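For reference, the structure is listed below as structure tokens.
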Protein chains: 2
Amino acid sequence: MRRDVFQAIADPTRREILNMIAHESLNVNAVAGHFDVSRTAVYKHVKILTECGLVVMKQQGRERFCEAKLEKLNEVSDWVEQYRKFWDARLDSLENYLSELQTKNKEDGNK
Amino acid sequence: MRRDVFQAIADPTRREILNMIAHESLNVNAVAGHFDVSRTAVYKHVKILTECGLVVMKQQGRERFCEAKLEKLNEVSDWVEQYRKFWDARLDSLENYLSELQTKNKEDGNK
DNA sequence: TATAAATGGAACCTTTTGGTTGCACAAATT
DNA sequence: AATTTGTGCAACCAAAAGGTTCCATTTATA
């Protein structure tokens with residue numbers, strides 16, 4: 001059973017769950033209430049999110065609150081950002097700017 | 001058949017394929033050569049990547065080159081970045097700085 | 001104390017996923 | 001012309017994913 005962040009966020013329901021609890025923790029029933037599928041189905045999604053560290057459960061009486069650990073998304077962010085240089089226009093112009101600077105410095109050196 | 005970028009990058013093999021062709025396009029056999037699984041299995045992964053726009057195929061004689069379209073990762077980046085305010089320490093200190101400024105301005109106003 | 005509410009999880013089912021082998025076909029080589 | 005190379009795809013398979021219903025258990029409440 002592979003449980004990594006990439007696989008966890010692949011499912012749209014799980015992304016929606018994360019969005020719901022991003023601002024405030026909710027108990028399992030509150031989360032399940034927002035979906036058409038059964039509570040058990042939602043519970044399974046929450047479980048997967050906890051297994052990869054994106055969510056932690058906090059017991060409180062008979063309720064269990066789901067708390068988002070969004071810093072785990074760092075893994076995804078890091079992975080994506082390593083490729084930004086291949087497509088981001090802003091980075092392109094930064095590179096152009098830097099290479100222009102280099103050219104200019106060389107010219108200055110030649111003076 | 002759901003074919004979105006999130007689902008496409010959920011598989012580690014597909015992420016590795018993207019990494020292989022990020023710098024230079026490779027034909028299907030070249031890509032397949034780097035994996036233990038069959039060429040057909042790799043071809044299927046490439047097909048999924050093309051179906052969500054992360055890769056385009058360019059015919060060249062009898063070969064077909066796989067070219068990465070990494071700007072598609074923008075969707076992932078945008079999704080992740082909307083949550084950064086919940087966990088990024090740098091952003092935290094920026095917020096602290098801004099609220100300090102506010103406090104200071106209020107104090108100045110009271111003088 | 002009896003009942004309702006909130007949850008975890010077993011058992012089961014269907015669809016999707018990731019893999020295989022084998023074959024067909026076009027392009028390049030001998 | 002015959003053969004090798006690169007590829008696409010059908011057919012098939014096992015395992016995983018995503019869903020269901022039903023039941024057990026614990027905690028709150030009438």
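The chains referred to below are lettered A, B, ... by the order of the sequence lines, with proteins before strands, and numbering in each begins at 1. Bear in mind that the values here come from a model prediction, so they are computed numbers and not experimental data.
Residue pairs that meet the ring-ring contact (aromatic ring centres under 6.0 Å, His included) test with at least one member in residues 47-67 of chain B, sequence neighbours left out, do not exist here. Among residue pairs with one or both ends in residues 19-42 of chain A, those qualifying as ring-ring contact (aromatic ring centres under 6.0 Å, His included) are A:H23-B:F86; sequence neighbours excluded.
With sequence neighbours excluded, the residues satisfying side chain to side chain donor-acceptor pair (under 3.5 Å) with B:E63 are B:N27. Listed by chain and number, the residues in a side chain to side chain donor-acceptor pair (under 3.5 Å) with B:N19 are A:Y83 (sequence neighbours excluded). For A:K47, there are no salt bridge (charged side-chain N to carboxylate O under 4.0 Å, His left out) partners at least two apart in sequence or on another chain. A:S77 is linked by a side chain to side chain donor-acceptor pair (under 3.5 Å) to B:E81, B:R84, counting only residues two or more places apart in sequence or in another chain. Under the side chain to side chain donor-acceptor pair (under 3.5 Å) criterion, A:Q59 pairs with A:R64, not counting sequence neighbours. Partners of A:E75 according to the salt bridge (charged side-chain N to carboxylate O under 4.0 Å, His left out) rule, which considers only residues two or more places apart in sequence or in another chain, are A:K72.
Within residues 40-50 of chain B, the residues approached by DNA chain D to less than 4.0 Å at the level of any non-hydrogen atom are B:T40, B:Y43, B:K44, in residue-number order. Of the residues in residues 23-39 of chain A, A:N27, A:V28, A:N29, A:R39 come within less than 4.0 Å of DNA chain C through at least one heavy atom, sorted by number.
Going from atom CZ of B:R15 over to atom C1' of C:dG18 covers 15 Å, rounded to whole Å. Whole-Å rounding puts the A:E16 CD to D:dG18 C1' distance at 16 Å. The nearest whole Å value for the distance from the CD1 atom in B:I9 to the C1' atom in C:dG18 is 18 Å. Residue A:I17 contributes atom CD1, which lies 11 Å from atom P of D:dG18 at whole-angstrom precision.
At distances below 3.5 Å, at least one donor-acceptor pair connects side-chain atoms of B:R15 with backbone N or O atoms of B:I9.
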Tell me which donor-acceptor pairs under 3.5 Å the side chains of residues 36-44 of chain A have, and how far apart each pair is, sequence neighbours excluded?
unit_1, atom_1, unit_2, atom_2, d
A:S38, OG, A:A41, N, 3.1

Pairs: protein N or O with nucleotides 26-30 of chain D N or O, under 3.5 Å:
unit_1, atom_1, unit_2, atom_2, d
D:dT27, O2, A:R62, NH1, 3.3

